[in-house]
Protein chains: 2
Amino acid sequence: MEEAAVLLKQKGLKVTPQRLAILNLLRNTKEHPTAETIYKKLVSDFPTMSLATVYKTLEVLKNIGLIQELNVGEGSFRYDANTNSHTHLVCFGCGKVEDLDESVLQNLIEEAKKHTDYKLVEQKLYFYGYCPACQKMLSN
Amino acid sequence: MEEAAVLLKQKGLKVTPQRLAILNLLRNTKEHPTAETIYKKLVSDFPTMSLATVYKTLEVLKNIGLIQELNVGEGSFRYDANTNSHTHLVCFGCGKVEDLDESVLQNLIEEAKKHTDYKLVEQKLYFYGYCPACQKMLSN
DNA sequence: TATTAAAAGAAAAATATTATCTTTTATGAA
DNA sequence: TTCATAAAAGATAATATTTTTCTTTTAATA
Ligand SMILES: [Mn+2]
Ligand SMILES: [Mn+2]
Ligand SMILES: [Zn+2]
Ligand SMILES: [Zn+2]
């Protein structure tokens, strides 16, 4: 049995095809999809899938630490199976959201601690700009 | 005439009591209020104020660069009359949002540029944790 | 003061998300 | 393997935030 199934069981939660499908979809994409996008991608394989189930499942997966929720400032949340605190790039041109796969963040939290008396737990860093493709379009 | 009024005129926009009131409220608070909160604070002074006007005004003020919109991951946006790209602290305990008034961000964008081929325009950095008051409550 | 385009206000609509209710199913026991 | 049952899925309604539409009011200019 895979580790996600084990974790669900440990928490007293049922292992369902929908939960595994949503998790696997997130684990196999780099596009940080929204609940709506996830639903649309799964409904062909799971014709009875409902949007409510997607939302409820995302909540569950988030709560047990298998995924994280992103908020880049759109109307809706995006989801990411990479639960590490990592930096995202958001393209103003096409709207895509990508990882910045370098540890720009590495010592940022340590640096921030010097400047506040908050007990810091985590941080979110989003960069906004234009991806290479959109830069080309703009220059034409 | 104050500078905000001048700017509105320059853009061909009318200078209205509602617009000035919303801007002044934002300029005189440190709490990064939501549209709803702004509305509630103003409705006593402006009994005819409507929530739609608050939303439309925030959109206008944002578009002309007098305020910025924050999204710390709640259901709704917050607003800030400080339009500099600065870092925010969000308390998991009481939910308040404060500025981190140190330039933790200073060279962050320069550092990030080394690691991406995006054309970077801006960034958002939010730290999450517990404010001093909430730390005390937790330790009891 | 009169004209008028823009803004305000009121209310409806649109979205995203959450809650409720019924049906189905994963799970563990017999 | 069934069977019982609590949990999850699915359908739908409700909620909350934001946007849109429409009418009335007002800021700006002549
Ligand atoms: Mn990511
Ligand atoms: Mn601020
Ligand atoms: Zn792009
Ligand atoms: Zn606090």
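Chain letters run A, B, ... following the sequence lines, proteins first, then strands; residues in each count from 1. What you see is a predicted model, and the numbers here were worked out from it, not measured in a lab.
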So, B:Y118 and A:Q135: side-chain donor and acceptor under 3.5 Å apart, yes or no?
no
Carefully, step by step, assess A:I38 and A:T34 under the rule side chain to side chain contact (heavy atoms under 4.5 Å, CB included).
CA-CA 6 Å; A:I38 293 167; A:T34 63; over 6 Å; no
Heteroatom pairs (N/O) under 3.5 angstrom, protein to nucleotides 17-20 of chain D:
residue, atom, partner, partner atom, Å
D:dT18, OP1, B:F77, N, 3.0
D:dT18, OP2, B:Y55, OH, 2.3
D:dT18, O5', B:Y55, OH, 3.4

Under 4.0 Å from a heavy atom of chain A: give me the 5'-most and 3'-most nucleotides of DNA chain C that qualify.
C:dA16 to C:dT27
Going only through I, L, V, M, F, W and Y residues with side-chain contacts under 4.5 Å, is there a path from A:V72 to B:V97?
no
Using a 4.0 Å heavy-atom cut-off to protein, can you give one letter per nucleotide of nucleotides 25-30 of chain D, 5' to 3': B if the base is in contact, S if only the sugar-phosphate is, - if neither?
-BBS--
Given side chains that start at C-beta, do those of B:L89 and A:L120 come closer than 4.5 Å, heavy atoms only?
yes
Mark yes when over 12 heavy atoms from residues, nucleotides or ligands other than A:K62 sit less than 6.0 Å from its NZ; otherwise mark no.
yes
A:E122 meets the salt bridge (Lys or Arg N to Asp or Glu O under 4.0 Å) criterion, sequence neighbours left out, with none
Sequence-distant partners of A:T16, side-chain contact (heavy atoms from CB on, under 4.5 Å), two or more places apart
A:K14, A:Q18, A:R19
Tell me which one of A:R78, A:E98, A:H88 satisfies side chain to side chain donor-acceptor pair (under 3.5 Å) with A:H32.
A:H88
Are the side chains of B:N71 and A:E74 in contact, using a 4.5 Å heavy-atom criterion?
no
Is it the case that A:E69 and A:Y79 place a side-chain donor and acceptor less than 3.5 Å from each other?
yes
What bend angle does the helix from C:dT1-D:dA30 to C:dA30-D:dT1 show across its length, from five-pair end axes and to the nearest 10 degrees?
30°
I want to check something: taking the side chain as every heavy atom from C-beta on, are B:L108 and A:F127 in contact at a cut-off of under 4.5 Å?
yes
Could you tell me whether the side chains of B:S85 and B:Q123 share a donor-acceptor contact shorter than 3.5 Å?
yes
